[in-house]
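These notes are about the structure you will find just below.
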Amino acid sequence: MGHLKASTRERLILALDVESVEEAEGLVDLLGDYVGAFKVGSQLYTAHGPKVVEVIQGKGGRVFLDLKFHDIPSTVAAAAAEAVKLGVFMFNLHASGGLEMMRKAIEAAKKAAGRAKREKPLVVAVTVLTSLDEVALGEELGVGRPLRDHVIHLAKMAHGAGLDGVVASPQEIEDIRAACGQEFLIVTPGVRPEWATLGDQKRVMTPGEAIAAGADYIVVGRPILQAPDPVEAARRILKEMAL
Ligand code: C5P
């Protein structure tokens, strides 16, 4: 496997879908030894900004900044440079923003990393949001090709732009792997252990299945956050991933 492939713990990303810095802090203290990174999304970041990222990193946690940048190339490039300055381990953007937007973002991230003398964060693209189905894609967004083809088209574009990988649902892993090669990172949410409830996730795989299908990182929220014993839940997930 490629140079960026990570150990089992490093491959588990916890979605910090909580409201307060205190809750986030508590989870980092509790689960820091069991997960490789903490995902900060638009809720937590809109409420608390860079402070929450700094708090997590201050405790030794790595951060996946899940803000899905999608804007004109110069704006996304500037945001990418800021994400590098924040010191995050991974951030994402929408492939639908186009090739130039992605190229400029990577270029800016590399430059900012050079200036800050730190490693460039992993930059991954969102292809088609899993909340969109083929009807919405066609009728609302005017994309004529089948959803699966459009996902692959956007993944290839992200690969061509020099991104490190994509965020993809479990069902998309094999096609993306085939289209973009072994080195391209696949970050997979929508993962559910057999023993967890589905919540609003419909098309799921277990952690073991997602890793076997070729995911590099899996993003898990509620199966850990809402477990009676989150540490035990994280341990069980790591065990399944390692099988
Ligand atoms: O609680 P759960 O494990 O479903 O959380 C998964 C995380 O991944 C959430 O933060 C959710 O927003 C995110 N996500 C997802 N499905 C996608 C893309 C992102 O569940 N297709």
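One is the number of the first residue; the rest follow in order along the sequence. Both ligands and their constituent atoms are indexed starting at 1 by order of listing. Any value given below was found using the heavy atoms of this structure, including those in side chains, with hydrogens, waters and symmetry copies removed.
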Name all residues meeting the side-chain contact (heavy atoms from CB on, under 4.5 Å) criterion together with [X]; count only those two or more places apart in sequence or in a different chain, and write none if there are none.
{"X": "E107", "result": "K111"}
{"X": "S74", "result": "I72"}
{"X": "L67", "result": "S42, Y45, L65, F69"}

Taking the basic N atoms (NZ, or NE/NH1/NH2) and the acidic carboxylate oxygens, is any pair closer than 4.0 Å for D216 and R177? yes
Audit row: R235, Y34, side-chain hydrogen bond (donor to acceptor under 3.5 Å, both in side chains) steps and yes/no: CA-CA 7 Å; R235 276 205 182 116; Y34 303 95; 3.1 Å; yes
Which pair of heavy atoms, one from L93 and one from L163, lies closest together, and at what distance? CD1-CD2, 3.6 Å
By chain and number, the residues contacting ligand 1 below 4.0 angstrom (heavy atoms only) are A15, D17, K39, T130, P189, R192, Q201, V219, V220, G221, R222, P223
